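Given the structure is predicted, the values throughout are model-derived calculations rather than measurements. Proteins come first, then strands; the chains are lettered A, B, ... in the order of their sequence lines, and each starts at number 1.
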Protein chains: 2
Amino acid sequence: MMDEKITHTVEDYLKTIYDITSTHDRASTNQIAESLGVAPASVTGMLKKLAEIDPPIVDYQRHRGVALTPEGEKMALEVIRHHRLIEMFLQQILGYKWDEVHGEADRLEHVISEEFEERIARALGDPSHDPHGDPIPSKDLQMPPSSFLPLCEMRPGQEAVVLRVRDENPEMLRYLSELGIIPNTDLKIVEYSPLDDNLSLQVSGSEKRIVLGPRITSEIYVKVNPA
Amino acid sequence: MMDEKITHTVEDYLKTIYDITSTHDRASTNQIAESLGVAPASVTGMLKKLAEIDPPIVDYQRHRGVALTPEGEKMALEVIRHHRLIEMFLQQILGYKWDEVHGEADRLEHVISEEFEERIARALGDPSHDPHGDPIPSKDLQMPPSSFLPLCEMRPGQEAVVLRVRDENPEMLRYLSELGIIPNTDLKIVEYSPLDDNLSLQVSGSEKRIVLGPRITSEIYVKVNPA
DNA sequence: GAGTTTATTTAGGGATACCTAAAATTTTTT
DNA sequence: AAAAAATTTTAGGTATCCCTAAATAAACTC
């Protein structure tokens, strides 16, 4: 039995590091600590441990954070696949609402078997994106290709389709959902205010203009429509 | 946030104690240790802790084991409800086989929310028994009444219906499954050997006689048909 | 009912993942 | 380039749940 038991919290570290390194070169101790809600000192300790597992799952360098090794990335993708398949499953098969799935998935992702993963994947028709628009890694852990932009980088005149909304914050999800901003929604940018980085935009169909700050627009990813 | 975080392993202790006290007055340190696969000394430590939680969830007396308090029983029933609903769900909705559900349920039971519980209960039509024939506590934690006997207490001439089979041992479940012994099967007792407590019996339909030892017959519960 | 066997508890430790406070290093500002 | 600020690490500690070995208590047996 080569158990080598990696505890659950390790999976959380990996997920977090994966997430951070999708936009940064390496994940810093502080970023990880903030994201996980633990003290930086605790992160340092854990990172050292992760770097000493055989094979190492992170590349750790004192004072400059970590990056995932190929092994670590594989493990992270496995957890992410679990998470997103579960979100999909909760929504499609158990009837959860868009904004209710994340917390539940966060707990379930650590305990489901490969069997469970395969069965829900099949039941869902091997989807490539979850209810928030996040891409689901394939069974062999390849990320489906996708070309998107954070909404905050759009400018007046451009039109786009919402692809994904980061799912960490249920309140924000609920709010956006009320505004009609969910994956597949069409948006048109009306105005941009460089002072505060606010964007004024129009949701397909509706007449209303919505003004959103960068705190929100950086969490929404869109695909720009060709002009 | 009155979290009062009861850890997962506490739930395992409760489930085990519930199980033992369904046939014994109190659960002894050793019985619990054996069932959980830990050293008796570890159990002593945990039992003391459980007895000192406010409100206490077990009644602990030195050298004479524990019984659940009403609070402890409520918590145990909650976990058992989770477990059995999940088993049902895995079998009915995800297509697991009878003997594959237990391990998965053992991991999932600790992490699902009330929301999840309610949704799968509804999806399953609020069942009162799981795939092994075990009764599922209702939402308000009442056990459905049921009058059954362990198969080992049956004697020649009697007929009965299989109600439940204890689900701890997948190998045994698979074996019984091959013999056709699953919940709802009709049985007729043909012979009883007091020397070794073996029972010879006939499964409905089939011609074959099956001989089972007490190790197995004590794990199968039946309802005797009125003569 | 004294001695043996079995069951349980006490005592002393280990691993994990967290914490705070202080020290060290790196980065930024002036 | 020195001082100030921010980040990261080290050091020392906590709590949980597990372990083994030794001590004690309860249950049998003759």
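Protein atom CG of Leu47(B) is 12 Å distant from nucleotide atom P of dT10(C), rounded to whole Å. In this structure, His110(A) atom NE2 and dA17(C) atom C1' are separated by 15 Å, rounded to whole Å. Per the geometry, CZ belonging to Arg64(B) stands 19 Å off P belonging to dT24(D), to the nearest Å. Rounded to an integer number of Å, the gap from Lys48(A) NZ to dC18(C) P is 15 Å. Atom CD of Gln31(B) is separated from atom P of dT6(C) by 17 Å (rounded to the nearest Å). Counting to the nearest Å, the P atom of dG14(C) and the NZ atom of Lys49(A) are 15 Å from each other. Distance Asp12(B) CG to dC18(D) C1': 14 Å, rounded to the nearest Å. When rounded to the nearest whole Å, the span between CZ of Arg26(A) and C1' of dT26(C) equals 15 Å.
Set against dT20(D), dC19(C), dC17(D), the side chain of Ala41(B) has dT20(D) as its closest nucleotide. With distances taken from any side-chain atom of Asn30(A) to the nucleotides dC18(C), dT7(D), dT9(C), the minimum falls on dT7(D). Checked against dC18(D), dC18(C), dT9(D), the side chain of Met46(A) finds its nearest nucleotide in dC18(C). Set against dT9(C), dT20(C), dC18(C), the side chain of Ala39(A) has dT20(C) as its closest nucleotide.
At a threshold of 4.5 Å between non-hydrogen side-chain atoms, the residues Pro137(A) and Ile80(A) count as touching. Residues Ile86(B) and Asp130(B) form no side-chain contact, since every pair of their non-hydrogen atoms from C-beta on lies 4.5 Å or further apart.
Across all strands, Ser42(A) comes closer than 4.0 Å to base atoms (heavy-atom distances).
Atom-to-atom distance recorded for Glu117(B):CD and Glu78(B):CD is 5.0 Å, nearest 0.5 angstrom. Atom CD1 of Ile20(B) sits about 9.0 Å away from atom CD of Glu34(B), to the nearest 0.5 Å.
Both tests pass for Arg119(B) against the ring of Tyr96(A): distance under 6.0 Å to the centre and angle within 45° of the axis.
Residue order along DNA chain C, read from the 5' end via each residue's closest nucleotide, puts Tyr13(A) first among Tyr13(A) and His63(A).
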